[in-house]
2 protein chains.
Amino acid sequence: MDQVNLKKLAKELNLAVSTVSRALRDSHEISPQTKERVRELAEKLGFQPNPHASSLRQNKSKTIAVIIPEIENNFFSQVINGIESVTPNKGYHVLIYLTHEDYNKERDILQLLRNGRVDGIMVSVSNTTTNLDHIEAWHAAGIPLVLFDRTSEDLDVPNIMTNDAEMAFKATEHLLKRGCRNIAYLGMTGNLSISNRRKAGYLTALEKYKVPAPPQIIELTAKDYINRDILKQLFEQQPRPDGIFAAIEKFAVNAYEVCKELHLHIPQDVKVISFSNLQAAALFDPALSTIIQPAYDIGREAANILFKIIEKKMLMPYEKKMVLPSQLIERASTAVTGK
Amino acid sequence: MDQVNLKKLAKELNLAVSTVSRALRDSHEISPQTKERVRELAEKLGFQPNPHASSLRQNKSKTIAVIIPEIENNFFSQVINGIESVTPNKGYHVLIYLTHEDYNKERDILQLLRNGRVDGIMVSVSNTTTNLDHIEAWHAAGIPLVLFDRTSEDLDVPNIMTNDAEMAFKATEHLLKRGCRNIAYLGMTGNLSISNRRKAGYLTALEKYKVPAPPQIIELTAKDYINRDILKQLFEQQPRPDGIFAAIEKFAVNAYEVCKELHLHIPQDVKVISFSNLQAAALFDPALSTIIQPAYDIGREAANILFKIIEKKMLMPYEKKMVLPSQLIERASTAVTGK
DNA sequence: AAATTCTTTGCAAACGATTTCGAAAAATGT
DNA sequence: ACATTTTTCGAAATCGTTTGCAAAGAATTT
């Protein structure tokens, strides 16, 4: 079965290809009668314009790419959901690429897409990314681009993120107010600005409350078994941390696992709070206090801003650095205990 | 900055466009020397062939589409991860579409893609899909297609799934062996074959063990608050169910929430087991017994099979209906209690 | 009535890569 | 030295859609 194309329609209707094309795009220079004839036959034969021909001719692909470190993470799933809440209305398609937290993959993917396959990209950089030349080069080439969550303030590129430093401060403050005096921070390796923001919030809180114990910044990895080893060591130190602030959901899970193994009780022995978008956090044993990021909104807003750039509209100043607030939900894992 | 294309390379090298094209595709009819010259300049100028021109000419897009009901679900995230473990090696790109469990969206998306935008699709049908004509039509048009998880045995289309009926049987049996006598099944509305398989497993177990209480098939929805209402009613019935088998992870979470609200104790008052791919299930209060589906493998295998079809290779018989086994993990939520 | 605009359509040239066909040049065989 | 094959390359057609321009006819103005 060969596809029905403009030529076939034109022949059938005794019209020129150009006339058919214009009729279908509702051009003003085609009479209503012929428009109707064309539309009717197109409908009847189920004509669908070939996207590659269109893209080639118009030099636009009606496609955007979303480049994220991983997908087995509620946060990124929700972001994608937010993105997808705008793309179909715009008639756009969404390509997904995973970097698996690998800078080289990230660079290669950006390189791979620099050929017109997409009209714009949305990136959340990997934690092994220290050199931002590939992002810079993309931006310099004038192709629309936004960064979200894992952003970079150095580049003059739209950033969509949450109030990381502020919430990290609040989380640490929350632990302090619940009586913790020896709080460890569990963060990602690497030198991402998001990590730095969260770390900074943690440190600021310790400083403001004049905590005598030195800060403990623990850097964890993508591998659960390594993280559990590191955490075991952490909990066997003296003095043992009495509070854990996990900057990543996964690390809170690791901490829970290790506490269970070492028979440490949450929140009696150690209180835990974490950045997390897991609905089931409330069902944990004990229920996990969380900082919920507006993932869906981040995705939606990032997509909206990207489309503004694609459509060459001016961005409002607040759209260049957009900060959507997170929410701290207090649960049993940071409750005050009798002890 | 205008793109570098074949024409520019050809002019620079004093060669014909066709020669450059052939050189880059490593054609045998180009001398090693000119190949080297061409490659060198292409490298230097960062030449990237325009994918739309290629796709138009070759009538293939190097792109596949993944069409799923939702993405905020560990199972589907893991499937995507599995798919992505294959696609880059094949030089393929992945488009994502969400149906939000809406048959009309699903039909429209398939329609939208029937124009050469993709070389094949992978579908997990929505639960509001009763009519499979759109899938049938796609398949009849000869465009590569595989179904996964939410499949249909009626159609002669490759299916990749898990052993739903068997595991549903085992889950129910497990509850029975732990002393439950009044087990409710929480499933999805709709008439999907996956639901039917799981339901059948549940019923077979009840029958085999000659349970006197009538089966209770509860159909839940996408909305949490509705589900909680239904479950509240369920638990206020007499006799109250002493076992819950959730066919969907989300419904187990709803059940936990309602039990907490009604001060019912798991596993003393009611035992719970669920199909689930949540790593954190072990951290629930109490830890949730789960049937873990091989989501990653399902994605990987489904992608491999799709590529076999795209490459017009013959499928092995077992590849037409591939069943990857799930695993039952027993945890505290189905433990035998003193009572 | 002639000159002008306006409306509607067609022709042909793009877009950039691939591929068929053929021609020239080089290598081989007789 | 000539014929034949092989190697290497170029010209041009092609994929399907869009668009600048021309042209014909209709409508309007002078």
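Lettering follows sequence order; numbering is per chain, from 1.
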Nearest-angstrom distance from the residue atom [atom1] of [X] to [atom2] of [N]:
| X | N | atom1 | atom2 | result |
| --- | --- | --- | --- | --- |
| L9(A) | dG16(D) | CG | C1' | 12 Å |
| Q3(B) | dG16(C) | CD | P | 9 Å |
| N5(B) | dC15(C) | CG | C1' | 10 Å |
| K11(A) | dT17(D) | NZ | C1' | 17 Å |
| L6(A) | dT19(D) | CG | C1' | 13 Å |
| L13(B) | dT8(D) | CG | P | 17 Å |
| K60(B) | dA17(C) | NZ | C1' | 13 Å |
| N59(B) | dG16(D) | CG | C1' | 10 Å |

* Asked: Listed by chain and number, what are the ring-ring contact (aromatic ring centres under 6.0 Å, His included) partners of Y97(A), not counting sequence neighbours?
  ->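 Partners of Y97(A) by the ring-ring contact (aromatic ring centres under 6.0 Å, His included) criterion, ordered by chain and then number, come out as H93(B).
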
side-chain hydrogen bond (donor to acceptor under 3.5 Å, both in side chains) with [X]: which residues, sequence neighbours excluded?
| X | result |
| --- | --- |
| T19(A) | none |
| K35(B) | D26(B) |
| D149(B) | Q293(B) |
| T162(B) | S326(B) |

* Inspect the contact between E311(B) and K90(B) and indicate whether a charged nitrogen and a carboxylate oxygen are less than 4.0 angstrom apart. =>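 Here K90(B) pairs with E311(B) in a salt bridge, since their nearest N and O are under 4.0 Å apart.
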
Counting only pairs under 3.5 Å, give me each side-chain donor-acceptor contact of residues 301-308 of chain A, with atom names and distances, residues two or more places apart or in other chains.
unit_1: N304(A); atom_1: ND2; unit_2: R300(A); atom_2: O; d: 3.4
unit_1: K308(A); atom_1: NZ; unit_2: E319(A); atom_2: OE1; d: 3.2
unit_1: K308(A); atom_1: NZ; unit_2: E319(A); atom_2: OE2; d: 3.4

* Asked: Restricting to pairs with a member in residues 125-158 of chain B, which pass ring-ring contact (aromatic ring centres under 6.0 Å, His included), not counting sequence neighbours?
  ->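 As it turns out, the ring-ring contact (aromatic ring centres under 6.0 Å, His included) pairs with a partner in residues 125-158 of chain B, which skip direct neighbours, are Y103(B)-H134(B).
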
* Which angle, to the nearest 10 degrees, lies between the helix axes at the two ends of the helix from dA1(C)-dT30(D) to dT30(C)-dA1(D), each defined by five pairs? ->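 Answer for the end axes of this duplex: 50°.
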
* **Residues from residues 45-54 of chain A lying under 4.0 Å of DNA chain D - heavy atoms** =>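 F47(A), P49(A), N50(A), A53(A), S54(A) - these, ordered by number, are the residues of the stretch whose heavy atoms sit under 4.0 Å from the strand.
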
* Asked: Which residues in residues 15-43 of chain B have at least one heavy atom lying under 4.0 Å from any atom of DNA chain C?
  ->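 Of all residues in residues 15-43 of chain B, the ones placing a heavy atom under 4.0 Å from DNA chain C are V17(B), S18(B), S21(B), R22(B), R25(B).
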
* If you check every side-chain atom of K7(A), which of dC15(D), dT19(C), dT19(D) has the closest atom? ->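 Given the options dC15(D), dT19(C), dT19(D), the side chain of K7(A) is closest to dC15(D).
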
* Asked: In chain order, what residues pass the salt bridge (charged side-chain N to carboxylate O under 4.0 Å, His left out) check against R117(B), with sequence neighbours excluded?
  ->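 By the salt bridge (charged side-chain N to carboxylate O under 4.0 Å, His left out) rule, R117(B) matches no residue at all.
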
* To do: Give every residue pair that meets the side chain to side chain donor-acceptor pair (under 3.5 Å) criterion with at least one member in residues 42-66 of chain B, sequence neighbours excluded.
  =>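 Matches after skipping sequence neighbours: S61(B)-D119(B).
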
* To do: Using a 4.0 Å heavy-atom cut-off across all strands, classify N14(B) as base, sugar-phosphate, or nothing.
  =>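 Sugar-phosphate, backbone atoms only, no base.
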
* Determine whether the side chains of E101(B) and T128(B) contain a donor N or O and an acceptor N or O closer than 3.5 Å. =>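 No, no side-chain donor-acceptor contact under 3.5 Å.
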
